[in-house]
There are 2 protein chains.
Amino acid sequence: MSSDKITIHDIARILNVDSSTVSRALNNSPRVTEKTKNRIIAKAQELGYQRNDLASNLRKNKTNTLGVIVPRISRHFFSSAIAGIEETAYNLGYNVIICQSLEQLEREQNTVNTLLANRVEGVLVSISMETKNYEHFEGLRKRKIPFVFFDRHLNVPETSSVLIDDFQAGFDATEHLIIKGCKKIAHFSGPMDLEIYKNRFAGYKAALLKHHIKFNDELIFNSRLMEQDGIENADKIIGLPYKVDGIFSANDVAAISALQQLKRNDFKIPEDIAIVGFSNEAISAVIEPSLTTINQPGFNIGKRAAELLISQISGNNGSVIDEKIIIQANLVERDSSQKNQGNK
Amino acid sequence: MSSDKITIHDIARILNVDSSTVSRALNNSPRVTEKTKNRIIAKAQELGYQRNDLASNLRKNKTNTLGVIVPRISRHFFSSAIAGIEETAYNLGYNVIICQSLEQLEREQNTVNTLLANRVEGVLVSISMETKNYEHFEGLRKRKIPFVFFDRHLNVPETSSVLIDDFQAGFDATEHLIIKGCKKIAHFSGPMDLEIYKNRFAGYKAALLKHHIKFNDELIFNSRLMEQDGIENADKIIGLPYKVDGIFSANDVAAISALQQLKRNDFKIPEDIAIVGFSNEAISAVIEPSLTTINQPGFNIGKRAAELLISQISGNNGSVIDEKIIIQANLVERDSSQKNQGNK
DNA sequence: CTGTTAGCGCATTCAT
DNA sequence: ATGAATGCGCTAACAG
């Protein structure tokens, strides 16, 4: 009844064999007779034996575990990325420990230590908004634990990243607005320490340049792109002496709250103003038809990042250690002419 | 340089003390002189020592780890719940291992074993759509590992659950439509093995009864409530010989895809048809103003569930072991008169 | 094919 | 206040 704490020794004693035989049998070693193997497995099942992975991993000095650090698990982009990571990890026999930094550097540092203490064999990380340098990842390097950045990265030598092509996405977004006829295009930008926001901003500027539209510093609204920021940005836009006719927002949260705030002030979207914002699969499924979005392929990024990391762990990376994998984001314009939606 | 594999023995050797002293010092035991303690801590830091939690946990027979099983991490309700779980766990010094069942019973069974092998001290679970009985949780019970269901639960004796009041939510949703003037209200229901769908359906029927509207079996569309199901449901509604004027969908995914499909077929929402669907914080933030939603407080449910579980682990549950905590969901009607949105 | 022995890294009892 | 000895549960090297 009480199947509390059954060990291989318990099984061994009952069956009059040695615990090492039990261990071998349970690990399906070829060095045990089919007959005893079956006896052992049957008894183990009967007693409800469960291997203690702590002990096993300690002994083997191998955990088959990856660490993941994301800013916030409840952001859909990250939970999709985790789903992608898990799929790859699961198929390749790895477990995953997930940690949140909650956008705080200090917590990010702590999570690295937690992962280290848990002897993960590799780490996937998307840095917090507060993260400016990679000191706290040096411990991983020293211990030769490979790590791969995804989406939000730092330029660390000999470290790979899996990224969205943010420059291109920013360029596409802005050009899309220009082609629609917009002349005064505002940009909601994020912390410039983060490559992704820098690159999106660069894409914005490049598109203006290409189309001979003068860059206007007044139209750049820098913030942390939270819900409240979008509202405030919208208010500022409304307050400007001239008319803004387009917005390219570097994320969806601010884009959506700005959109709602504009509507509350009787702006018509997109007649008065057109918006492009980064988004993700869930939100873009329900978003306003008027809001063009750039799809962030979280699942694929997670998948690719995990594949890359595991290949580095296994050492079958043909000298490619400082690789940047660039994944294209898709500009998705939603309108009622889009018929063929939602198939599988 | 190579801070590979530093153990307490390494530190002990260098400092000419015993490893047990190092262990004590590193655990801030009062049984070591401040002086040696400082020397040890300094040296540990210098060498980049990191405790091996595998060994530590094995020795202590204590992992301070909770397991979480959810159907799919990328569904916002679940990732919010996980965020709530993590907050509580983090504050109380617990780690969390997250597993996905991907709605498959077999994977759910496997995850239980994985968690068992990892010697978690408690488990939080939201069951898959395929789960009909609790055999595979018996191993937890036998090992005296407490587990708590959240959101999707089974009636297991002596097991607590943290739930949304689905009956009430279903009732509110349906009554809302009736008060709006709807007479022919369709219901998109989910698998009836799951309590949540059963209860939402019961709430629907109760509201009809209260308002003397005859129940019509033809208006019940049972499915797994995926995107494609919503589209198919919408098509069926369009094909009916009489006019449906309201829909109560038991989840958001099907509600949204149905809504889009109806629009594509020139139905006006909500003039032709009104919809209430369960939803979550992210989606309700961007959802059509015309679509009334029922907010699912994922974060709070996760938080409460984790608190309950940890209190059971600690044994300071005053004999309350089979508790049902019911959390109210909020009906949120979105319309343009809603001014004061998005404030922190 | 199976048993014996050893030790992964740590925390803890008991001794001094 | 510190050291010595032990074992958590498991796997692996070496015997036989």
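Order of the sequence lines sets the chain letters (A, B, ...), proteins ahead of strands, with each chain counted from 1.
Within the structure, the salt bridge (Lys or Arg N to Asp or Glu O under 4.0 Å) test picks out the following pairs touching residues 11-28 of chain B (sequence neighbours left out): Asp10(B)-Arg13(B). Screening residues 97-120 of chain A for salt bridge (Lys or Arg N to Asp or Glu O under 4.0 Å) gives Glu103(A)-Arg152(A) as the qualifying pairs, with residues at least two apart or on separate chains.
Mapping Pro30(B) and Arg59(B) onto DNA chain D by nearest heavy atom places Pro30(B) closer to the 5' end of the strand. Between Leu58(B) and Arg31(B), it is Leu58(B) whose nearest contact on DNA chain C lies nearer the 5' terminus.
Within the 4.5 Å cutoff, side-chain heavy atoms of Lys62(A) are placed close to those of Glu121(A). Annotation: side chain of Asn118(A) is not in contact with side chain of Thr65(A) (no heavy-atom distance under 4.5 Å). Using a 4.5 Å heavy-atom threshold, the side chains of Thr21(B) and Leu15(B) count as separate. Between Leu26(A) and Ile41(A) the shortest side-chain heavy-atom distance falls below 4.5 Å.
Judged by distance alone, the side chain of Arg143(B) and the main-chain N or O of Gly139(B) form a donor-acceptor pair under 3.5 Å. Listed for the Ser314(A) side chain is a donor-acceptor partner under 3.5 Å among the backbone atoms of Ile310(A). The backbone N or O of Leu54(A) sits less than 3.5 Å from a side-chain atom of Asn52(A), completing a donor-acceptor pair.
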Please list every donor-acceptor pair under 3.5 Å in which a side-chain atom of residues 86-98 of chain B meets a protein atom from a residue at least two apart or in another chain.
residue: Glu86(B); atom: OE1; partner: Gln100(A); partner atom: NE2; Å: 2.9
residue: Glu87(B); atom: OE2; partner: Lys303(B); partner atom: NZ; Å: 3.1
residue: Asn91(B); atom: ND2; partner: Glu87(B); partner atom: O; Å: 3.2

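When rounded to the nearest whole Å, the span between CG of Leu26(B) and C1' of dG9(C) equals 12 Å. As a whole-Å value, the separation of Asn61(A) CG from dG7(C) P is 16 Å. One atom, CG of Leu54(A), and another, C1' of dA11(C), lie 15 Å apart when rounded to the nearest Å. Per the geometry, CD belonging to Glu34(A) stands 11 Å off P belonging to dT2(C), to the nearest Å. When rounded to the nearest whole Å, the span between CZ of Arg119(A) and C1' of dG9(C) equals 9 Å. Summarising the geometry, the separation between CG on Leu116(B) and P on dG9(D) is reported as 14 Å, rounded to the nearest angstrom. Between the CG atom of Asn27(B) and the C1' atom of dG9(C) there is a distance of 13 Å, given to the nearest Å. At whole-Å resolution of the value, CZ in Arg51(B) and P in dT12(C) are 10 Å apart.
Taking the centre of each ring, Phe149(A) and Phe137(A) come in below the 6.0 Å mark.
Considering only the side chain of Tyr49(B), dC10(C) comes nearest among dC10(C), dC10(D), dT12(C). Considering only side-chain atoms of Ser56(A), the nucleotide from dC10(D), dA12(D), dA1(D) that sits closest is dC10(D).
When the C1' atoms of four end pairs are superposed on the next four at each end of the helix from dC1(C)-dG16(D) to dT16(C)-dA1(D), using five pairs per end, the two resulting axes differ in direction by 40°, to 10°.
A heavy atom closer than 4.0 Å to some atom of DNA chain C occurs in no member of residues 37-45 of chain A. Within a heavy-atom distance below 4.0 Å of DNA chain C, the residues of residues 13-24 of chain B found are Ser20(B), Ser23(B), Arg24(B).
Looking at His136(A), Gln104(A), His153(A) one by one, the single match for side-chain contact (heavy atoms from CB on, under 4.5 Å) with Thr131(A) turns out to be His136(A).
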